[in-house]
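All heavy atoms count here, side chains included; hydrogens, waters and symmetry mates do not.
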Amino acid sequence: MTPDDTGTIQLRTTRVLPATPEEVFDAYTDAEKQKIWFSILDEQPGVVEIDVDLRVGGRQTAVWGPDPDNLFRETQTFVEIDRPRRLVTESVGSAPDGGSMATTVVVTFEEHEGGTLLTVVQSGFPAPEVRDFFTKEVWPGALDRIEAYLRRAGRPS
């Protein structure tokens, strides 16, 4: 969680998930599956809109939040797709307060003890504080949701 060799502020996080690399890759990239896991742990339903064009040069657009007046937006352009091993995107996100940032996200999916080791390396953060927020809040929250989705999909613990 330090600048990489180009001086870019980056994070690295991992999680072992209870499914095959193919199942995890599909949960991570399929719009209908994302619509489920984006809100799977929410007490109150919110707004979740996702569109995915899963091809190199294609885009994934996600809009989500607690209500129409407080929406986050993220557009990811697919740079590399190697299903089910690796996914690279250029991501541009914005928050309800109007702040935005662009990062590069590299996600790998590796078989690991009957599950999948998902590794995320995200780079290009504008400040260490933003990276730390993504390390402590954003990625753990997303991975908790994906894990809950995979467990509810019928996989044993």
Side-chain angles (χ1 to χ4, degrees), residues 1-5 8-66 72-93 101-125 128 130-157:
M1 294 199 303
T2 58
D4 65 15
D5 58 6
T8 300
I9 300 170
Q10 70 174 11
L11 69 76
R12 177 184 174 90
T13 190
T14 62
R15 174 85 59 99
V16 176
L17 296 169
T20 67
E22 291 84 359
E23 291 166 326
V24 176
F25 186 95
D26 290 347
Y28 188 84
T29 59
D30 180 272
E32 295 308 310
K33 292 175 181 170
Q34 288 181 48
K35 287 175 188 175
I36 296 168
W37 66 253
F38 255 76
S39 58
I40 199 167
L41 300 177
D42 294 345
E43 293 178 21
Q44 302 261 340
V47 175
V48 177
E49 299 170 8
I50 299 173
D51 181 52
V52 177
D53 179 8
L54 187 62
R55 62 182 174 81
V56 172
R59 291 196 170 138
Q60 170 178 301
T61 303
V63 178
W64 72 98
F72 295 86
R73 298 177 188 278
E74 181 180 33
T75 300
Q76 295 188 65
T77 302
F78 297 105
V79 175
E80 181 182 336
I81 302 169
D82 181 11
R83 181 184 185 272
R85 292 176 286 280
R86 182 176 159 92
L87 186 69
V88 180
T89 63
E90 296 293 332
S91 171
V92 177
M101 71 174 183
T103 61
T104 300
V105 182
V106 179
V107 184
T108 57
F109 309 81
E110 301 172 78
E111 288 185 40
H112 182 77
E113 298 177 0
T116 298
L117 174 64
L118 182 140
T119 302
V120 176
V121 177
Q122 187 170 7
S123 59
F125 290 100
V130 178
R131 177 219 38 221
D132 295 348
F133 175 72
F134 272 68
T135 300
K136 294 175 185 168
E137 300 291 331
V138 174
W139 280 109
L143 297 176
D144 287 350
R145 292 167 186 274
I146 294 170
E147 184 171 353
Y149 169 82
L150 292 167
R151 289 191 186 285
R152 290 183 190 178
R155 300 287 302 197
S157 299

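The side-chain heavy atoms of Glu110 and Pro21, taken from C-beta on, include no pair separated by under 4.5 Å. Using a 4.5 Å heavy-atom cutoff, the side chains of Tyr28 and Val107 are in contact. No side-chain heavy atom of Arg86 sits less than 4.5 Å from a side-chain heavy atom of Phe109. Taking the side chain as every heavy atom from C-beta outward, Leu150 and Val24 approach each other to under 4.5 Å. Using a 4.5 Å cut-off on side-chain heavy atoms (C-beta onward), Thr89 and Val79 make no contact. Ile81 places a side-chain heavy atom less than 4.5 Å from the side chain of Phe25. Taking the side chain as every heavy atom from C-beta outward, Phe125 and Met101 approach each other to under 4.5 Å. Side-chain atoms of Leu143 and Leu118, non-hydrogen and from C-beta on, do get closer than 4.5 Å to each other.
In this structure, Thr61 OG1 and Ile50 CD1 are separated by 10.0 Å, a value rounded to the nearest 0.5 Å. In this structure, OG1 in Thr75 is found 9.0 Å from CZ in Arg73, a value given to the nearest 0.5 Å. How far OG1 of Thr13 is from NZ of Lys136: 12.5 Å, rounded to the nearest 0.5 Å. For the atom pair CZ (Phe134) and CG (Leu11), the distance works out to 8.5 Å, reported to the nearest 0.5 Å. Note that OG1 of Thr29 and CD of Gln76 are 10.5 Å apart. Values are rounded to the nearest 0.5 Å. Thr108 OG1 to Leu117 CG: the interatomic distance, rounded to the nearest 0.5 Å, is 6.5 Å.
Looking at Trp37, its side chain never comes within 3.5 Å of a backbone N or O of Ala148 through a donor-acceptor pair. Distance alone, capped at 3.5 Å, is enough to place a donor-acceptor pair between the Thr20 side chain and the Glu23 backbone.
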Side chain to side chain contact (heavy atoms under 4.5 Å, CB included) between Asp144 and Leu41, worked out: CA-CA 8 Å; Asp144 287 350; Leu41 300 177; 4.0 Å; yes
Worked verdict on Leu87 versus Asp82 for side chain to side chain contact (heavy atoms under 4.5 Å, CB included): CA-CA 6 Å; Leu87 186 69; Asp82 181 11; over 6 Å; no
Evaluation steps, salt bridge (charged side-chain N to carboxylate O under 4.0 Å, His left out), between Arg83 and Glu22: CA-CA 7 Å; Arg83 181 184 185 272; Glu22 291 84 359; 5.7 Å; no
Working for side chain to side chain contact (heavy atoms under 4.5 Å, CB included), residues Asp42 and Arg145: CA-CA 9 Å; Asp42 294 345; Arg145 292 167 186 274; 3.0 Å; yes
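Heavy-atom neighbours of Arg15 CZ from other residues, nucleotides or ligands within 6.0 Å: above the threshold of 12.
For Trp64 and Phe38, the ring centers are positioned less than 6.0 Å apart.
Exactly one of Thr8, Thr135, Thr103 qualifies for a side chain to side chain donor-acceptor pair (under 3.5 Å) with Gln122. That residue is Thr103.
The residues Asp30 and Lys35 are annotated as not salt-bridged, no charged nitrogen and carboxylate oxygen being separated by less than 4.0 angstrom.
For the residue pair Gln10 / Ser123, no side-chain donor-acceptor distance below 3.5 Å is found, with atom types taken as modelled. Looking at Glu90 and Thr104, their side chains do bring a donor and an acceptor atom within 3.5 Å of each other. Judged purely by distance below 3.5 Å, without hydrogens or angles, the side chains of Arg59 and Thr77 pair a donor atom with an acceptor atom. No hydrogens or angles considered: a donor-acceptor pair under 3.5 Å links the side chains of Gln34 and Gln60.
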